[in-house]
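Here's the structure we're looking at; comments come further down.
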Number of protein chains: 2
Amino acid sequence: MTARSTTDTTRDIPEATVARLPVYLRALISLADRNIAVCSSEELAAAAGVNSAKLRKDLSYLGSYGTRGVGYDVDYLRYQIAREIGGTQEWPVVIVGIGNLGHALASFSGFRSRGFRIVALLDADASLHGKEVAGIAVRPFDELAAIVAEQQVAIGVISVPAPAAQDVADAMVQAGVSSILNFAPVVLSVPPGVDVRKVDLSIELQILAYHESRKAHTEAADLDGMPSGRVNSVSGAAAPEVSA
Amino acid sequence: MTARSTTDTTRDIPEATVARLPVYLRALISLADRNIAVCSSEELAAAAGVNSAKLRKDLSYLGSYGTRGVGYDVDYLRYQIAREIGGTQEWPVVIVGIGNLGHALASFSGFRSRGFRIVALLDADASLHGKEVAGIAVRPFDELAAIVAEQQVAIGVISVPAPAAQDVADAMVQAGVSSILNFAPVVLSVPPGVDVRKVDLSIELQILAYHESRKAHTEAADLDGMPSGRVNSVSGAAAPEVSA
DNA sequence: TAGATTGTTAATCGATTAACAATC
DNA sequence: TAGATTGTTAATCGATTAACAATC
């Protein structure tokens, strides 16, 4: 019955909290860049676009890293969060599908700076092989298994057209990848133990359109100038996981 | 106190449900393409990667569009969902920031096929002006206000580097855009009434890495081959909205 | 000590799920 | 009528929030 490892230091952190930790980390980095050494939960929450109660609750799952009456040491908290979310190690990543989107992903500097190293770009299209994208040569899709084994790749990114996505996922799983970020607009089937997160660009727009179409109705009623302060907005993609 | 319009036919649909409606719509289109005229909640749920109880609950917010003992008429349900999420009209969209990502977004065929028409590509970089991307000429960022007004643009996409994102958001809001899809890794401030959704590529990978780092511990315990069926995975980005 | 701010509790809210009565 | 499947209810679960005791 697959007993849990006994080394269970891992307090389990709620999914919603896990999804916000990278946001807090980014906010802390931004504060550190501005030479701010200490911050209150109120300040950090503002920088992260959440309310302070939620922030404190989230941080409480990690431990007690603040000082009552004072606040949080920016560098210390930053280190603790980075450690918690595995940001202190480097993760090798493969990208499969080097079309427009794959090209953009390969060129995206944010991955590297957050501990992800793109070790290979793969595409089934032979006309792309050998071409360099962001300084990395595109290689044949067939080499996936060898690359994953050799470089210990745990995370794969799928940016192929929808009809090819399931086959790519199957090959990734077969090769030993156990976390997949999927940009193809399809529901992937994967065995238990494999995590899939999906980024679906049209769906994001469709959700906006839904709310937009509802706004039209009440627009007239809002014309009497109501106070219009600014609100920090975060709507990170907090997606449910898959497969135990 | 901004009274609600009296034309309140809108049963209010939970956010989590709204985020899944586009997934159901896509599943129905796929069924229709395979000439399937009727489906049960069980079948549709499988195609959408959710369980059938959730699907039925979600659909119940729209109305009673099924037939007990029979199932759902694919075309009819498809139409009803499309109507509900505003997919029967066309939404003009502007994209600001035509770097690698903006280029990929402009070329993405999924937008057009889901009722979004890209009416303009804007960039502050003069060297891009006049260049065509996906058949659309890149224009100066300055023209934003004129374009939004002229084409009645409600939805804007931000794919500029992080430091420029807030300025772009401000200009969009000023011009009359009230829904923003933000790809820049920053927390945007917008006035109430403006919706922001955020797609944050590094954060998606960081969430995967978090779970991945926890998997390592229990790996050994899982070696005794447990049943490993397949599981449909959906982890759409179900993001909380912003600003009332 | 007085003031500030954390970490935690408890209440509330929203989402998920199983079960089943309604009904084709 | 018997079998199938929806739409809804009620229980459960997880996330958010306000409030405040603990404590620097």
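In the text below, chain A, chain B and the rest are named by the order of the sequence lines, each starting its count at 1.
- Of the charged side-chain nitrogens involved, at least one lies within less than 4.0 Å of a carboxylate oxygen, so that A:R214 and B:E84 count as a salt-bridged pair.
- Although no hydrogens or angles enter the test, the distance criterion places a donor-acceptor pair under 3.5 Å between the side chain of A:R114 and the main chain of A:G110.
- Bracketed by its first and final contacts, the part of DNA chain D lying under 4.0 Å from non-hydrogen atoms of chain A reaches from D:dA15 to D:dC24 in 5' to 3' order.
- Base-pairing analysis of DNA chain D finds the following stems of at least three consecutive Watson-Crick or G-U pairs, with both pairing distances under 3.5 Å: C:3-24 with D:3-24.
- The closest side-chain donor-acceptor pair between A:D58 and A:T17 falls under 3.5 angstrom.
- Heavy-atom nearest nucleotides on DNA chain C were determined for A:A53 and for B:R20, and the one closer to the 5' end corresponds to A:A53.
- Annotation: A:Q174, atom CD; neighbour count of heavy atoms from other residues, nucleotides and ligands within 6.0 Å does not exceed 12.
- In this structure, A:Q166 contributes its side chain and A:S189 its backbone to a donor-acceptor pair below 3.5 Å.
- Each of A:G69 and A:R56 was assigned the nucleotide of DNA chain D with the nearest heavy atom; the assignment lying further toward the 5' end belongs to A:R56.
- With the nearest nucleotide of DNA chain D identified for both B:G71 and A:P14, B:G71 has the one nearer the 5' end.
- Looking only at side-chain heavy atoms (C-beta outward), B:Y61 and B:K57 come within less than 4.5 Å of each other.
- Side chain of B:S159 to main chain of B:V96: a donor-acceptor pair is present (N/O by atom type, distance under 3.5 Å, no hydrogens or angles).
- Side-chain N or O atoms of B:S30 include none that pairs as donor or acceptor with a backbone N or O of B:R26 at under 3.5 Å.
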